[in-house]
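Here's the structure we're looking at; comments come further down.
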Amino acid sequence: MTMIPDEVIEQVRDGADLVSIIGESVDLRRTGADYRGPCPFHGGQHRNFAVIPRKGRYYCFVCKASGDVFSWYMNRVGLDYPSAVREVARSLGIPIPESRERAGPDPREPLFQAVSVAHDWFVRQLAETAEADAARQYLVGRALDPEELAPLQLGYAPRATSFLPAMAQLGLAEAVLLEAGLIARREDGTVAPRFRGRLLFPIHDLRGRVVGFGGRLLGQGEPKYLNSPESPIFHKGATLYNLHAARNAIRKEERAILVEGYFDVLRLSLAGIDNVVAPLGTAMTADQSALLKRFTSLVLLLFDSDQAGLRATFRAGDELLRCGLRAQVVTLPPGEDPDTLVQRGGREVLEPLLRDAVDVVERKIQLLDRKGFFSDVPHRREALDRLLPTLRATADPIQRDLYLTLVAERTGVERRTLEAELERAVPAERPPQAAPSVARAAEPRPDPRVRWGRTERQLLRLLLASTTWRDTARQQLTPELFREGVHREMFERLRDLAVEEPPLPPEAAPETLRARWASYRDAGAPVAETAADQFYADAVSALESRPHMERLLELAGRLLRADPEQLPDLMREAGDLRRLLRSRFSRSFQTMYPLLRGHRRARGAPPDPRPSER
């Protein structure tokens with residue numbers, strides 16, 4: 001079957017007139033910005049079926065049927081997805097390129113189907129069950145009307161294990177549920193739902209398919225937010241919440257608004273601000289920045305106004321600049337966040353703040369000036385230490401030149417001096433491997449597992465030294481990221497500390513853990529505060545990429561012993577892994593892959609096979 005390129009699918013979806021297409025068979029009447037009519041799916045007589053042009057979606061408030069233009073053709077006409085795309089493309093006169101063959105169906109299709117079925121079930125739990133009343137009341141407590149939220153299709157995961165028999169009754173195999181991240185296997189071998197007692201936010205890919213969930217815990221416990229794990233269809237660092245619905249508005253407005261959380265997105269969307277997206281509870285990544293760059297060159301950073309919000313703002317700004325985007329900072333009144341601000345004043349109170357957004361470097365200079373950093377020589381030196389990482393991150397040469405001029409004028413440092421400083425890599429920004437000397441070239445490469453162990457140690461040192469990073473890790477990381485048992489237990493205990501509680505070795509802990517804890521705490525942070533952002537991102541990336549790296553190492557060994565008929569499949573999998581690592585963990589891949597290859601050769605393996613990556 002011929003694969004249809006994603007860019008063509010986007011062109012077809014964007015060009016489709018959903019109101020006209022649905023209006024051919026449904027009596028639609030305009031109601032405000034939307035269109036209403038009787039639902040064609042459950043045969044309703046009342047106008048409970050809505051077509052929402054600005055989002056390119058339809059939704060029934062009774063039977064909960066929903067989707068985009070392709071879903072319409074699939075559910076009403078019985079077409080499969082590629083045929084639906086072709087039918088809409090034919091009506092628009094858009095040619096479908098006949099290229100790039102795939103042998104057989106998409107092997108990920110069972111996962112997409114499982115997540116879709118689970119999503120439908122979660123939505124009905126929130127809308128219909130008595131247990132979900134706590135979730136509905138939670139939404140009401142945040143001034144969010146569950147009926148108004150219905151088109152966004154939030155869900156609820158019950159506390160009990162009713163999810164398992166429900167999915168079995170619907171014909172979903174346990175192995176598929178495990179691979180899709182919907183259930184998890186316990187240490188005793190039994191399985192349990194991954195999400196329990198949580199309000200669920202569906203996470204979509206660009207095609208509008210649900211690929212995962214973000215779950216907000218209702219009641220006591222940790223973690224407060226829990227995302228689906230990485231899977232063949234869900235990559236947290238390469239996905240943005242609400243981008244599937246926001247991209248048309250982003251193109252139209254020629255800018256994206258980046259907020260921190262799910263509720264910020266919901267509040268702004270309900271207020272009619274459609275060009276809003278959010279990362280999935282993590283620091284902004286290179287892949288997420290590249291996604292935004294497909295739709296705009298300008299991103300407005302709308303984060304909380306507290307210190308943690310400012311740190312997140314400038315971390316995200318550096319990542320966006322690194323991708324060649326422009327970044328501006330929206331300044332909120334003290335103590336405000338986007339959710340509460342728009343809740344009280346609507347879009348009318350936010351729009352002036354959006355208009356007054358300031359370039360990210362100019363905003364940094366404003367804040368440094370208010371704190372007196374330009375008053376004397378020592379403070380100016382410190383101000384430059386805070387500004388230079390952002391200048392180094394700026395990929396666009398014109399933008400970088402403008403920043404250099406601005407910083408030179410404000411600090412009184414000559415431009416040529418700043419340029420020389422930018423070219424001088426600081427230790428924390430140098431690639432971890434040094435250039436090999438003649439003497440070192442003959443040494444065997446270290447086992448990459450040693451490097452991962454050191455990364456675990458250094459990351460824990462940072463968490464012990466910094467309340468800020470400890471709080472960030474508490475929200476973003478899981479104990480499974482740490483392979484060494486004592487490291488995993490240390491992280492679990494650190495995660496359970498109160499925010500302001502000093503990180504003292506726990507009295508009841510084993511002596512081995514207490515000794516390791518004290519040693520790491522006394523060693524202090526592994527990098528300076530100004531380099532901590534990049535260090536944290538690199539360390540997490542290295543540990544998250546570890547399973548994929550290990551699988552690549554395993555494949556290398558299997559290739560040595562494989563029968564000829566096995567070689568194509570093994571080499572294809574190796575190629576897929578290499579592409580995944582390059583796209584999602586590029587810095588870690590550049591650092592660790594030479595170690596993997598060297599380690600393999602040291603064990604007697606031949607040079608790295610180069611599977612076809614066409």
Side-chain angles (χ1 to χ4, degrees), residues 13 16-19 21-23 26 28-42 44 46-72 74-76 115-116 118-128 132 135-136 138-140 142-156 199-214 216 240-250 259 262-278 339 342-343 346-347:
R13 183 189 284 111
D17 185 345
L18 189 59
V19 174
I21 291 171
I22 295 179
V26 178
L28 295 176
R29 296 181 186 175
R30 184 162 193 150
T31 306
D34 303 336
Y35 291 79
R36 294 293 189 96
C39 178
F41 294 102
H42 76 275
H46 303 289
R47 296 187 175 276
N48 295 313
F49 180 78
V51 180
I52 311 165
R54 62 192 175 92
K55 294 185 179 293
R57 299 187 67 80
Y58 61 84
Y59 179 78
C60 176
F61 289 85
V62 177
C63 72
K64 314 303 179 187
S66 69
D68 60 8
V69 64
F70 304 137
S71 306
W72 174 260
M74 292 167 69
N75 296 325
R76 288 289 289 165
V115 176
S116 176
H119 177 226
D120 290 343
W121 189 81
F122 290 137
V123 170
R124 292 188 180 278
Q125 299 305 299
L126 179 60
E128 300 170 3
R136 293 188 290 269
Y138 174 78
L139 292 171
V140 171
R142 296 190 68 134
L144 293 166
D145 182 358
E147 188 71 13
E148 192 178 4
L149 286 172
L152 302 179
Q153 294 203 289
L154 275 61
Y156 175 72
L199 179 69
L200 296 183
F201 300 84
I203 300 167
H204 300 77
D205 65 8
L206 276 178
R207 293 189 181 186
R209 299 173 294 192
V210 180
V211 294
F213 301 94
R216 205 292 183 189
L240 286 165
Y241 181 63
N242 198 51
L243 183 58
H244 73 292
R247 59 186 181 176
N248 287 341
I250 291 173
V259 296
Y262 300 115
F263 283 106
D264 296 328
V265 172
L266 294 187
R267 183 71 65 189
L268 269 64
S269 295
L270 292 175
I273 301 171
D274 296 324
N275 56 327
V276 57
V277 297
D339 181 14
V342 177
Q343 175 190 334
R347 65 180 297 167

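Being a predicted model, the structure only gives us computed values, none of them experimental.
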Practice task
Start with the C-alpha distance between Phe213 and His119, add both sets of side-chain angles, then the distance that settles side chain to side chain contact (heavy atoms under 4.5 Å, CB included), and finish with yes or no.
Solution key: CA-CA 9 Å; Phe213 301 94; His119 177 226; 3.7 Å; yes
Handout entry: The single option from Leu152, Ile203, Leu154, Leu200 passing side-chain contact (heavy atoms from CB on, under 4.5 Å) against Tyr262
Key = Ile203
Problem - Reference residue Val277; test side-chain contact (heavy atoms from CB on, under 4.5 Å); the match among Asp264, Ile250, Val259 - result: Ile250
side-chain contact (heavy atoms from CB on, under 4.5 Å) involving [X] - partner list, sequence neighbours excluded:
X      : answer
His42  : Cys39, Cys60, Val62, Cys63
Leu18  : Ile22, Val51, Val69
Ala249 : Asp274, Asn275
Ala245 : Asn242

Any [X] side-chain heavy atom under 4.5 Å of [Y] side chain:
X      : Y      : answer
Asp34  : Tyr59  : no
Val265 : Phe201 : no
Pro151 : Arg57  : no
Val211 : Val115 : no

Fill in the blank from the handout: In terms of heavy-atom contacts, Arg347 and Ile273 come closest through CB-CD1, 3.9 Å
Problem - Test of ring centre spacing under 6.0 Å for Tyr156 and Tyr138 - result: no
Measuring from [X]:[atom1] to [Y]:[atom2], what's the distance to the nearest 0.5 Å?
X      : Y      : atom1 : atom2 : result
Arg36  : Ile52  : CZ    : CD1   : 8.0 Å
Glu128 : Gln125 : CD    : CD    : 8.0 Å
Glu148 : Leu139 : CD    : CG    : 11.5 Å
Asp145 : Leu270 : CG    : CG    : 9.0 Å
Tyr241 : Leu266 : OH    : CG    : 4.5 Å
Arg142 : Leu199 : CZ    : CG    : 9.5 Å

Handout entry: Intermediate values then yes/no, side chain to side chain contact (heavy atoms under 4.5 Å, CB included), Asp120 and Lys64
Key = CA-CA 8 Å; Asp120 290 343; Lys64 314 303 179 187; over 6 Å; no
Exercise for the section: Check for a donor-acceptor pair, side chain of Arg13 on one end and backbone N or O of Arg207 on the other, with a separation under 3.5 Å. Expected result: yes
Practice task
Please confirm whether the backbone N or O of Leu126 pairs with a side-chain atom of Arg136, one donor and one acceptor, at under 3.5 Å?
Solution key: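 Confirmed, Arg136 side chain pairs with Leu126 backbone.
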Exercise for the section: Assign the ring pair Phe49 / Phe41 to parallel, tilted or perpendicular, where the plane angle (0 to 90°) is split at 30° and 60°. Expected result: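 Correct class here is tilted.
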Exercise for the section: Can you sort out the partners of Arg47 under side chain to side chain donor-acceptor pair (under 3.5 Å), two or more places apart, ordered by chain and number? Expected result: Asp27
Handout entry: Partner residues of Ser71 under the side chain to side chain donor-acceptor pair (under 3.5 Å) criterion, sequence neighbours left out
Key =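 Side chain to side chain donor-acceptor pair (under 3.5 Å) check on Ser71 returns Asp68.
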